[in-house]
Amino acid sequence: MATRGFSKLNAYKAFSKMDKSCAQGCTCSAMCQLFMAKEFLSLSAQTGEKFNDKIPEDILDMFRSMPLITERYKNMELQEAFGEVQSICDDCATDEHDAFCTVNVVLTALGILLEGRDFVTDKDNTLTVK
């Protein structure tokens with residue numbers, strides 16, 4: 001069984017599913033969580049790096065403050081993309097978790113779109129509880 005952890009290939013596969021999540025005719029905007037998440041994951045797929053300095057420190061708050069416009073994405077495809085990114089995250093050890101890892105940032109963006117502004121990844125939640 002192939003590993004689902006972070007790699008250029010797995011980042012690209014997740015990016016491809018995210019890209020298919022955009023609603024037909026939707027124009028990309030920097031005020032869209034999905035657009036920003038795609039930008040970050042695309043860079044990681046190209047570089048093979050889980051961290052990059054293009055992710056601002058307040059990104060998670062930014063995602064939560066942006067409007068949630070459901071017409072910008074296809075829900076079923078977004079759920080599939082979420083699952084793909086979640087599987088990459090699940091393969092990393094909790095003690096190696098970082099809130100600003102590209103995978104966690106992307107997972108948070110998708111989770112906010114699917115579940116609302118209060119979404120927190122399982123690993124972020126675990127670290128907060130400790």
Side-chain angles (χ1 to χ4, degrees):
M1 185 170 155
T3 180
R4 293 293 316 144
F6 182 81
S7 69
K8 283 179 153 185
L9 178 60
N10 289 339
Y12 178 74
K13 286 179 182 177
F15 170 82
S16 293
K17 287 198 181 217
M18 289 169 58
D19 202 34
K20 292 176 184 169
S21 300
C22 294
Q24 188 172 1
C26 186
T27 305
C28 288
S29 160
M31 287 303 295
C32 174
Q33 295 91 337
L34 183 54
F35 170 76
M36 291 182 71
K38 284 174 24 182
E39 290 292 302
F40 296 141
L41 197 56
S42 173
L43 185 60
S44 285
Q46 292 169 30
T47 65
E49 299 292 326
K50 288 197 299 188
F51 297 93
N52 77 64
D53 57 8
K54 296 196 184 306
I55 297 177
E57 288 185 20
D58 62 347
I59 190 64
L60 302 180
D61 290 334
M62 285 174 58
F63 285 154
R64 288 184 175 89
S65 69
M66 291 178 184
L68 299 174
I69 303 172
T70 56
E71 294 79 21
R72 288 185 174 166
Y73 59 88
K74 297 181 239 169
N75 198 296
M76 289 292 276
E77 287 82 351
L78 193 64
Q79 287 180 18
E80 287 179 24
F82 180 89
E84 191 79 18
V85 177
Q86 180 74 59
S87 69
I88 296 170
C89 184
D90 286 348
D91 245 27
C92 286
T94 301
D95 62 348
E96 294 175 11
H97 177 72
D98 187 297
F100 298 103
C101 162
T102 299
V103 176
N104 190 70
V105 168
V106 168
L107 192 59
T108 300
L110 301 182
I112 288 169
L113 288 171
L114 291 167
E115 298 183 23
R117 296 184 200 288
D118 294 333
F119 176 82
V120 177
T121 64
D122 291 341
K123 287 183 180 175
D124 277 352
N125 205 25
T126 300
L127 291 178
T128 308
V129 173
K130 284 185 179 179

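At least one donor-acceptor pair closer than 3.5 Å links the side chain of Q33 to the backbone N or O of F63. Here the side chain of R64 pairs a donor or acceptor atom with the backbone of F119 at under 3.5 angstrom. Remark: side-chain polar atoms of K50 are not paired, donor with acceptor, to backbone N or O of F6 under 3.5 angstrom. Although no hydrogens or angles enter the test, the distance criterion places no donor-acceptor pair under 3.5 Å between the side chain of S21 and the main chain of K74. Of the possible polar contacts, one joining the R117 side chain to the M66 backbone as a donor-acceptor pair under 3.5 Å is found. Here the side chain of K54 pairs no donor or acceptor atom with the backbone of L43 at under 3.5 angstrom.
A 4.5 Å side-chain heavy-atom check between F51 and T102 finds every atom pair outside the cut-off. The shortest side-chain heavy-atom distance between L60 and D124 falls under the 4.5 Å cut-off. Side-chain contact between L78 and L110 is present, with at least one heavy-atom pair separated by less than 4.5 Å. For the pair K20/E80, no side-chain contact is recorded, criterion being any heavy-atom separation below 4.5 Å from C-beta on. Between H97 and T126, every side-chain heavy-atom pair lies at or beyond the 4.5 Å cut-off. With a 4.5 Å cut-off on side-chain heavy atoms, L113 and R72 do not count as touching. In this structure, the side chains of S29 and F35 stay at 4.5 Å or more apart for every pair of heavy atoms.
Rounding to the nearest 0.5 Å places OG of S42 at 9.0 Å from CG of D19. The structure places CG of D122 at 7.5 Å from CG of D90, a figure rounded to the nearest 0.5 Å. Atom CD in Q79 sits 14.0 Å away from atom CD in E84 (nearest 0.5 Å). To the nearest 0.5 Å, atom CG of residue N10 and atom CZ of residue F15 are 15.0 Å apart. Here N52 contributes atom CG and E39 contributes atom CD; the two are 11.0 Å apart, rounded to the nearest 0.5 Å. Between T121 atom OG1 and I112 atom CD1 the span is 10.0 Å, to the nearest 0.5 Å.
A37 and V106 make their closest contact through O-CG2, 3.5 Å (heavy atoms, listed as atom of the first residue, atom of the second, distance). Heavy atoms only, all atoms of each residue included: E71 and A23 are closest at O-CB, 3.1 Å. A pairwise comparison of heavy atoms in I88 and A11 identifies CD1-N, 4.2 Å as the closest pair. When all heavy atoms are compared, the tightest approach of D98 to N104 is O-CB, 3.8 Å.
The cluster map of Ile, Leu, Val, Met, Phe, Trp and Tyr, joined by side-chain heavy atoms under 4.5 Å apart, puts V85 and L114 in the same cluster. Both L68 and M36 sit in one connected hydrophobic cluster of ILVMFWY residues. Membership requires side-chain heavy atoms under 4.5 Å apart, directly or through other members. The hydrophobic clustering, which links ILVMFWY residues whose side-chain heavy atoms are closer than 4.5 Å, places I69 and M31 apart. Taking hydrophobic clusters as Ile, Leu, Val, Met, Phe, Trp and Tyr residues chained together by side-chain heavy-atom distances below 4.5 Å, M62 shares a cluster with F40.
Within a 6.0 Å radius of CG in D118, other residues, nucleotides and ligands contribute 12 heavy atoms or fewer.
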